[in-house]
Asker: 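Mind looking over this structure? Questions follow.
All residue numbers in this chain count up from 1 along the given sequence.
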Amino acid sequence: MTRTRTAVLAGALALTTALAACSGGGSDAGPSRSASHPSPPTSSPATTSTPTTHTPTPKQIRAQVTSELHAIMKKQPHGAISVAALNTKTGQRFAAGRTSGMWTASAYKLFCLSALLIGRSASSLSDGEVDSAERAIENSDNVAGYQLFLDAGGRPGLIDAAHTFGMHHTIPGESDPTFTTTSGSDYLKLLEAITGRTKHDPLDHSARHFILELMGEVESDQRWGVGSAAEKGTKFYNKNGWLSIENGNGPGEDDGGLWAVTSVGVLTVAHQQVLMAVFTRHQPDYTTGVKLVNRLSKLIAPAVAR
């Protein structure tokens, strides 16, 4: 679909309702119990006591997640993983792996769109900017993504945006924005701005909803990654990236054809809104990278869900 300036805010009310629902708490009612109980048979076998089930504490769950994550990291090339998650209801955070140096691949397009909208309303976007935004986020179109990069002010614009969003370990790529480096924790800061979780909101209400609207309409074959950890039946918002990094790029932008595979987004876990960013690199191929990102997403979700 193609959006015009007048249609850019369509659906914002519905999106507001959906996000409010996923950020709220809730609990399922327990199984119903009968008010009366049948009499036991006059002759019955000896009964055995039911073992007491132990519900792990959040601290124990986090320790288990950390242990399993470290085991995965040991089997990966050095510095291949950076993950982070935040429960926006409880404020519980989890982060592990590298704190910088992770290639964004096409996840840079979300950064560019957010940079473009700093201090602007969604309705101020031109028809061309709306079209580029739609194709870059929903379809991960590379031409559209690069146009967003230019519209956002190129590399200097992204440097300024990183400062605005508090992404202090994010460095725009030298030869191409797809080589932008970051970390899971830094991209959580971007997601916090997109969901209005920052003290000094750099994005206004309409801008945030426009970005989330596009993230919620990503085409079906790009709905892997953080969404694999979402509660069944809930809507999630994502932007993924995947890139085979050949040699011959700018300094520090070579990897011998190995893959960077990434996924960032907003999802619902245990009836609560969770922001999540998963970055991997040095992967042998796209499929292996996607499987690892899915696995990491599902693994770290319980560390922030209660």
Side-chain angles (χ1 to χ4, degrees), residues 1-16 18-19 103-165 167 170-180 182 187 189-191 193-196 198 201-223 235 237-243 250 262-266:
M1 59 180 172
T2 301
R3 297 175 176 82
T4 64
R5 280 172 289 180
T6 57
V8 120
L9 301 179
L13 179 61
L15 183 57
T16 303
L19 287 174
W103 287 302
T104 59
S106 284
Y108 89 86
K109 296 164 185 171
L110 181 63
F111 182 28
C112 288
L113 176 57
S114 301
L116 176 63
L117 280 165
I118 291 174
R120 296 179 62 180
S121 66
S123 60
S124 73
L125 295 177
S126 69
D127 289 347
E129 288 171 332
V130 170
D131 180 64
S132 292
E134 179 185 84
R135 291 188 291 116
I137 304 302
E138 294 182 359
N139 312 118
S140 204
D141 183 272
N142 291 328
V143 174
Y146 197 78
Q147 186 60 53
L148 280 183
F149 168 68
L150 297 176
D151 291 342
R155 193 168 188 272
L158 293 191
I159 291 173
D160 289 344
H163 177 75
T164 298
F165 292 128
M167 301 167 70
T170 297
I171 302 174
E174 290 281 356
S175 66
D176 191 281
T178 196
F179 295 120
T180 295
T182 190
Y187 250 63
K189 294 177 181 178
L190 179 62
L191 293 172
I194 291 171
T195 54
T198 55
D201 291 336
L203 301 173
D204 82 0
H205 182 82
S206 68
R208 296 196 303 270
H209 283 288
F210 177 58
I211 295 170
L212 286 165
E213 180 186 13
L214 300 185
M215 293 174 69
E217 297 297 330
V218 167
E219 62 185 47
S220 60
D221 64 343
Q222 297 175 25
R223 299 292 275 173
K235 185 169 184 177
Y237 308 82
N238 75 292
K239 180 70 192 85
N240 298 338
W242 57 99
L243 178 68
T262 69
S263 183
V264 302
V266 183

Asker: Going by the rule side-chain hydrogen bond (donor to acceptor under 3.5 Å, both in side chains), which residues pair with R120 if we only count those two or more places apart in sequence or in a different chain?
Answerer: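 With neighbours one apart ignored, the set is S124, E129.
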Asker: With heavy-atom distances below 4.5 Å as the criterion, would you say the side chains of C112 and L158 are in contact?
Answerer: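 A side-chain contact under 4.5 Å exists here.
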Asker: Scan residues 128-158 for pairs that pass ring-ring contact (aromatic ring centres under 6.0 Å, His included), counting only residues two or more places apart or in two chains.
Answerer: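 Sorted pair list: Y146-F149.
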Asker: For I118, check side-chain contact (heavy atoms from CB on, under 4.5 Å) against everything at least two apart and list the hits.
Answerer: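 Counting only residues at least two positions away or on another chain, I118 forms a side-chain contact (heavy atoms from CB on, under 4.5 Å) with A161, T164, F165, L203.
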Asker: Check Y237 against L212 and note the closest heavy-atom contact, atom names and distance.
Answerer: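 Smallest interatomic distance, heavy atoms only, reads CD2-O, 3.2 Å.
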Asker: According to side-chain contact (heavy atoms from CB on, under 4.5 Å), who are the partners of A136, at least two apart in sequence or on a separate chain?
Answerer: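 Only K109, A144, L148 meet the side-chain contact (heavy atoms from CB on, under 4.5 Å) criterion with A136.
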Asker: Flag the pair I211 / I137 as yes when at least one side-chain heavy-atom distance between them is below 4.5 Å, and no otherwise.
Answerer: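 I211 does not reach I137 side chain to side chain.
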Asker: Any chance you could lay out the side-chain contact (heavy atoms from CB on, under 4.5 Å) test for L243 and T262, step after step, and finish with the verdict?
Answerer: CA-CA 9 Å; L243 178 68; T262 69; over 6 Å; no
Asker: I'd like to know whether I194 forms a side-chain contact (heavy atoms from CB on, under 4.5 Å) with L110, so could you lay out the CA-CA distance, the side-chain angles of the two residues, the decisive distance to 0.1 Å, and finally the verdict.
Answerer: CA-CA 10 Å; I194 291 171; L110 181 63; 3.9 Å; yes
Asker: Would you call I159 and H163 a side-chain contact if the rule is heavy atoms closer than 4.5 Å?
Answerer: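 In short, these two side chains do not touch, never coming nearer than 4.5 Å.
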Asker: Under a 3.5 Å threshold, yes or no: a donor from one side chain and an acceptor from the other, between T178 and D176?
Answerer: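 Per modelled atom types, T178 and D176 side chains form no pair under 3.5 Å.
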Asker: Would you name the heavy atoms of L214 and E138 that are closest together and state the gap between them?
Answerer: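 Taking every non-hydrogen atom into account, CD2-OE2, 3.5 Å.
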Asker: Please determine whether side-chain contact (heavy atoms from CB on, under 4.5 Å) holds for the pair K239 and S140, giving the CA-CA distance in whole Å, both sets of side-chain angles, and the decisive distance to 0.1 Å.
Answerer: CA-CA 8 Å; K239 180 70 192 85; S140 204; 3.0 Å; yes
Asker: What residues, two or more places apart in sequence or in another chain, satisfy side-chain contact (heavy atoms from CB on, under 4.5 Å) together with D160?
Answerer: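 Result, side-chain contact (heavy atoms from CB on, under 4.5 Å) vs D160: none returned.
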Asker: Between N240 and S263, what is the shortest heavy-atom contact and its length?
Answerer: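 Shortest heavy-atom contact: OD1-OG, 2.6 Å.
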Asker: For D151, enumerate each residue passing the side-chain hydrogen bond (donor to acceptor under 3.5 Å, both in side chains) test, keeping only those at least two apart in sequence or located in another chain.
Answerer: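 Partners of D151 by the side-chain hydrogen bond (donor to acceptor under 3.5 Å, both in side chains) criterion, ordered by chain and then number, come out as Q147.
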Asker: For D141, enumerate each residue passing the salt bridge (Lys or Arg N to Asp or Glu O under 4.0 Å) test, keeping only those at least two apart in sequence or located in another chain.
Answerer: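 Result, salt bridge (Lys or Arg N to Asp or Glu O under 4.0 Å) vs D141: R135.
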Asker: Check ring pair (Phe, Tyr, Trp, His ring centres under 6.0 Å) between Y108 and all other residues, then give those that pass, not counting sequence neighbours.
Answerer: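 With sequence neighbours excluded, Y108 shows a ring pair (Phe, Tyr, Trp, His ring centres under 6.0 Å) to no residue whatsoever.
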Asker: I would like to know whether T104 and F111 meet side-chain contact (heavy atoms from CB on, under 4.5 Å); could you show each step before the answer?
Answerer: CA-CA 10 Å; T104 59; F111 182 28; over 6 Å; no
Asker: Tell me the closest heavy-atom pair linking R223 and M215, and the distance in Å.
Answerer: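 Closest approach of R223 to M215: NH1-O, 3.1 Å.
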Asker: Could you list the residues that satisfy side-chain hydrogen bond (donor to acceptor under 3.5 Å, both in side chains) with T182, not counting sequence neighbours?
Answerer: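 Scan of T182 (side-chain hydrogen bond (donor to acceptor under 3.5 Å, both in side chains), adjacent residues dropped) gives T170.
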Asker: Of all heavy-atom pairs between L113 and A133, which one has the smallest distance, and what is that distance?
Answerer: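 It is CD1-CB, 3.7 Å.
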